[in-house]
Amino acid sequence: MKNYQTARGTQDILPAEVYKWHQIEDLIRQLCMVYGFDEIRTPVFEDTKVFKRENDSSDMVNKEMYTFTMNDEDSLTLRPEGTAGVVRSFVQHKMYGAMEMPAKLYYVGEMFRYERPQKGRYRQFNQFGVENIGIKSPLADAETIALGYSLVKALGLNQVKVLINTLGDTTSRSAYRSVLKDHFAGCLDDLCGDCKRRYTQNPLRLLDCKVDKEHPSMKSVPSLIDSLTDESKDYFAEVLAALDALEIPYEIDDKLVRGLDYYTDTVFEVVSTHPESGSQATVFAGGRYDGLVEYFGGQEMSGIGFALGIERLLILAEAEGVELASKPDADVYVIALGDVKTAPLAIATQCRANGYITECNLVQRSLKSQFKSVERKNAKAIIIVGEEELKRGEVNIKFTPSQTQVCVKLENIIDTLDEMFQSEEE
RNA sequence: GCGGUCGUGGUGAAGUUGGUUAACACACUAGAUUGUGGCUCUAGCAUUCGCGGGUUCGAGUCCCGUCGGUCGCCCCA
């Protein structure tokens, strides 16, 4: 191999763009703090069984996991999603006893899925997610959606819409499952291969099919709503009422079922309507899960959460023309003129200790090229450490915004800078 | 996993039916200007066209493979 490059579907986040990430991460932390969610950091890899649960039919779990074994020990898997690990941790550390319920948790980190990459879809990507475990209330559902929605709004995205649906509780779901099976039983041969597989593995996913959506049997498919128990119906109505109260616009999409098997009742998806988002339009998505805590060995307890793709958020922000953060300009640049040895660095260090973003010239080179650096760093203040002045214990400070230059004693440098930057702020 | 498309310097890119010095612009470096930048001028800056093979007297231009991006499907954040 002659050229080294990032593995397929992975990418370097270079210094030029890392400030955007800081901005989003800061926004996330701020928002979660305001909403009362605490960060949790779980391992990037876990025992495969944490992710691959019995009867799971999703592609993510069955075809897209990075799974490996070391020394014949138990099989391990790079996390393809965040919820499983968080729920595992919740049960393992018995959070249901140690902290006040519900547990309001969030995470930010990289996930891994072996897929064919394209714009907005990577093999290593970053998710921000929240999980609100130990409460089953329509208000919790609305609160969770509101948290994600306000992040999108805080970033300045406008071309997004909230899709929402209910899968019903366990009783409703199994009732609907048999209704679906009856409905499609007669025309199974007409449907695509994926649909045939879904028919046996997870009939709900039939609703999702893009291939057969024009098929008569799809058009006449009985609505899930008719199979809902009264309890689930009421629950969904209350979720919608809460969203109304929070003034979050939404569309009910009765075909929305989501790809992960553990969802019950409320499911939602926030998609971009911007043309640039292409086929990877989902910004964040999630839903309620009734059985997961119990599955991991906890008591019967419901939770709700979502996951948001940070790369997608950035793509959309760019598409909608949102100005994102970039490297801040330097406040001060220290220039060395003549034989001044360590003085420039000492002065720069002093500036830095006082909070000024300071760049310092470290090599012998022409004044002109040093001034070029000043421009490049966009430094407002330029400290010129000249051999002659230094002998008198002085330096020149040039302040670009006011086009002024003063000669000051070494001990007065910081005071002078403070004055200059203060007058600039007014 | 399937199908389409693309891949030339730090960047944006020209490169006619394969023909022999890889255009142009920006950026960058140095000098004009031996202690004060942003303008101007001058000079320099791809033994090489993602990588590897093949066809040919000759390939950035054709063929095959491979790696990567990208678009659609699938799936999903």
Side-chain angles (χ1 to χ4, degrees), chain A residues 1-11 14 16 57-65 79-83 107-129 148 151-152 192-195 197-198 205 208-213 256-260 268-272 275-286 305-316 333 335-340 361 365-379 382-390 395-398 400 403 405 407:
Chain A
M1 194 199 277
K2 201 175 171 187
N3 296 308
Y4 291 94
Q5 53 186 324
T6 49
R8 172 163 248 199
T10 67
Q11 55 195 335
L14 300 174
S57 69
S58 69
D59 278 6
M60 185 190 82
V61 169
N62 290 295
K63 305 198 297 206
E64 299 173 358
M65 297 208 300
R79 61 181 181 198
E81 56 122 351
T83 302
Y107 57 87
V108 180
E110 48 288 284
M111 305 295 159
F112 305 84
R113 264 123 92 157
Y114 184 80
E115 296 184 272
R116 179 87 170 262
Q118 56 181 269
K119 191 178 190 179
R121 188 170 78 185
Y122 310 99
R123 288 183 173 179
Q124 177 180 332
F125 61 102
N126 286 271
Q127 280 190 341
F128 153 56
L151 173 61
V152 168
C192 72
D194 282 329
C195 282
R197 181 177 53 80
R198 291 176 185 130
R205 297 283 302 158
D208 239 9
C209 188
K210 315 291 191 290
V211 181
D212 294 324
K213 66 180 168 198
L256 182 70
V257 291
R258 314 257 47 250
L260 272 41
F268 56 90
E269 203 164 299
V270 174
V271 298
S272 166
E276 283 266 323
S277 59
S279 58
Q280 313 300 328
T282 304
V283 189
F284 73 89
F306 70 76
L308 175 147
I310 299 181
E311 285 84 354
R312 287 186 185 178
L313 201 61
L314 285 169
I315 289 170
L316 293 178
Y333 192 98
I335 280 179
L337 202 54
D339 184 18
V340 289
N361 179 71
R365 55 184 186 140
S366 71
L367 246 197
K368 180 181 171 111
S369 60
Q370 293 192 54
F371 269 105
K372 280 229 164 195
S373 297
V374 171
E375 275 172 57
R376 216 165 285 145
K377 304 290 181 189
N378 240 319
I382 307 160
I383 301 180
I384 302 150
V385 185
E387 201 173 336
E388 299 301 317
E389 295 88 332
L390 195 60
V395 295
N396 279 306
I397 302 181
K398 191 169 179 175
T400 306
Q403 299 279 22
Q405 178 167 330
C407 196

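Letters A, B, ... mirror the listed sequences (proteins, then strands); counts begin at 1. Note that the structure is a prediction, hence the values are computed from the model and not measured.
The phosphate of B/G1 (OP1 or OP2) has a side-chain N or O of A/Tyr114 nearer than 4.0 angstrom. Contact annotation: A/Gln5 does not reach the phosphate of B/C67 (side-chain N/O to OP1 or OP2, under 4.0 Å). Phosphate proximity of B/C76 to A/Arg113: absent, as no side-chain N or O sits under 4.0 Å from OP1 or OP2. The phosphate of B/G1 has neither OP1 nor OP2 within less than 4.0 Å of any side-chain N or O from A/Arg116. Not one side-chain nitrogen or oxygen of A/Arg376 sits closer than 4.0 Å to the OP1 or OP2 atom of B/G38.
Closest to the A/Pro117 side chain, of the nucleotides B/C76, B/G69, B/G72, is B/G69. Candidate nucleotides B/G68, B/U36, B/C74 were compared by shortest atom distance to the side chain of A/Ile384, and B/U36 ranks first. The side chain of A/Arg8 lies closest to B/G69, out of B/U36, B/A77, B/G69. Listed nucleotides: B/C76, B/G38, B/G69. Nearest to the side chain of A/Ser58: B/C76.
Atom C1' of nucleotide B/U33 and atom CZ of A/Phe371 are separated by 14 Å, given to the nearest angstrom. Between A/Leu367 atom CG and B/G37 atom P the separation is 8 Å, expressed in whole Å. Between the CD1 atom of A/Ile383 and the C1' atom of B/U36 there is a distance of 15 Å, given to the nearest Å. A/Glu115 has its CD atom 9 Å from the P atom of B/C76, to the nearest Å. B/A77 atom P lies 17 Å from atom CG of A/Leu151, rounded to whole Å. Per the geometry, CZ belonging to A/Arg365 stands 13 Å off C1' belonging to B/C28, to the nearest Å. Look at NZ on A/Lys63: it is 11 Å from P on B/C2, rounded to the nearest Å.
Taking atom P on both nucleotides, B/A59 is separated from B/G18 by 13 Å, rounded to a whole Å. For B/A27 and B/G10, the C1' atoms lie 7 Å apart once the distance is rounded to whole Å. As rounded to the nearest Å, B/G3 and B/C64 have P atoms that lie 15 Å from one another. Distance noted for atom C1' between B/A30 and B/U66: 42 Å (whole Å). Nucleotides B/U36 and B/U47 place their C1' atoms 41 Å apart, quoted to the nearest Å. Taking atom C1' in both B/G58 and B/A13, the straight-line distance is 27 Å, to the nearest Å. When the C1' atom is used for both B/A46 and B/A23, the distance is 13 Å, rounded to whole Å. Between the C1' atoms of B/U11 and B/C45, the separation comes to 14 Å (whole Å).
Side-chain contact between A/Gln370 and A/Arg365: present, with at least one pair of heavy atoms (C-beta onward) separated by less than 4.5 Å. Under the 4.5 Å side-chain criterion, counting only non-hydrogen atoms from C-beta, A/Pro117 is not in contact with A/Gln11. Between A/Leu313 and A/Phe128, the closest side-chain pair of non-hydrogen atoms is not below 4.5 Å. Within the 4.5 Å cutoff, side-chain heavy atoms of A/Thr400 are placed close to those of A/Ile382.
Across all strands, A/Phe284 comes closer than 4.0 Å only to sugar-phosphate atoms, never to a base (heavy-atom distances). Residue contacts for A/Tyr122: at a heavy-atom cut-off of 4.0 Å it reaches a base atom on one of the strands shown. At a threshold of 4.0 angstrom between heavy atoms, the contacts of A/Gln405 include nucleobase atoms, whether or not backbone atoms are also involved. Heavy atoms of A/Glu64 sit under 4.0 angstrom from primed sugar atoms or phosphate atoms, though from no base atom. Nucleic acid contact class of A/Gln124 (heavy atoms, under 4.0 Å, all strands): none. A/Gly120 comes within contact range of at least one nucleobase, with a heavy-atom separation under 4.0 Å. A/Lys368 comes within 4.0 angstrom of a nucleotide base, judged by non-hydrogen atoms across all strands. Residue A/Gly9 is in sugar-phosphate contact alone, with no base atom involved, counting any heavy-atom pair closer than 4.0 Å across all strands shown. Contacts of A/Asn396 with the nucleic acid, taken as non-hydrogen atoms under 4.0 Å apart, include base atoms.
Side-chain atoms of A/Arg123 never come within 3.5 Å of backbone atoms of A/Thr10 as a donor-acceptor pair (strictly under, hydrogens ignored). Looking at A/Arg79, its side chain does come within 3.5 Å of a backbone N or O of A/Glu110 through a donor-acceptor pair. Checked by atom type and distance alone, the side chain of A/Arg312 never pairs as donor or acceptor with a backbone atom of A/Val283 at under 3.5 Å.
Residues from residues 308-316 of chain A that place a heavy atom under 4.0 Å from any atom of RNA chain B, listed by number: A/Gly309, A/Arg312.
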May I have the step-by-step check of side-chain contact (heavy atoms from CB on, under 4.5 Å) for A/Val152 and A/Phe284, ending in yes or no? CA-CA 9 Å; A/Val152 168; A/Phe284 73 89; 3.8 Å; yes

Would you sort out whether A/Gln127 and A/Tyr107 count as a side-chain contact (heavy atoms from CB on, under 4.5 Å), showing the intermediate values? CA-CA 8 Å; A/Gln127 280 190 341; A/Tyr107 57 87; 4.1 Å; yes

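Screening A/Ile383, A/Val395, A/Asn396, A/Leu367 for a side-chain contact (heavy atoms from CB on, under 4.5 Å) with A/Ile335, the sole residue that qualifies is A/Leu367.
For the pair A/Lys398 and A/Lys372, both in contact range of RNA chain B, the more 5′-proximal nearest nucleotide belongs to A/Lys372.
In the model, A/Thr282 has a side-chain atom that pairs as donor or acceptor with a side-chain atom of A/Glu269 under 3.5 Å.
Between A/Glu115 and A/Lys63 there is no salt bridge, since no side-chain N of the basic residue sits under 4.0 Å from a carboxylate O of the acidic one.
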As a check on the pairing definition, encode RNA chain B in dot-bracket form, counting Watson-Crick and G-U wobble pairs whose two distances are under 3.5 Å, and using | for partners outside this strand. (((((((..(((......[....))).(((((.......))))).....(((((..]....))))))))))))....

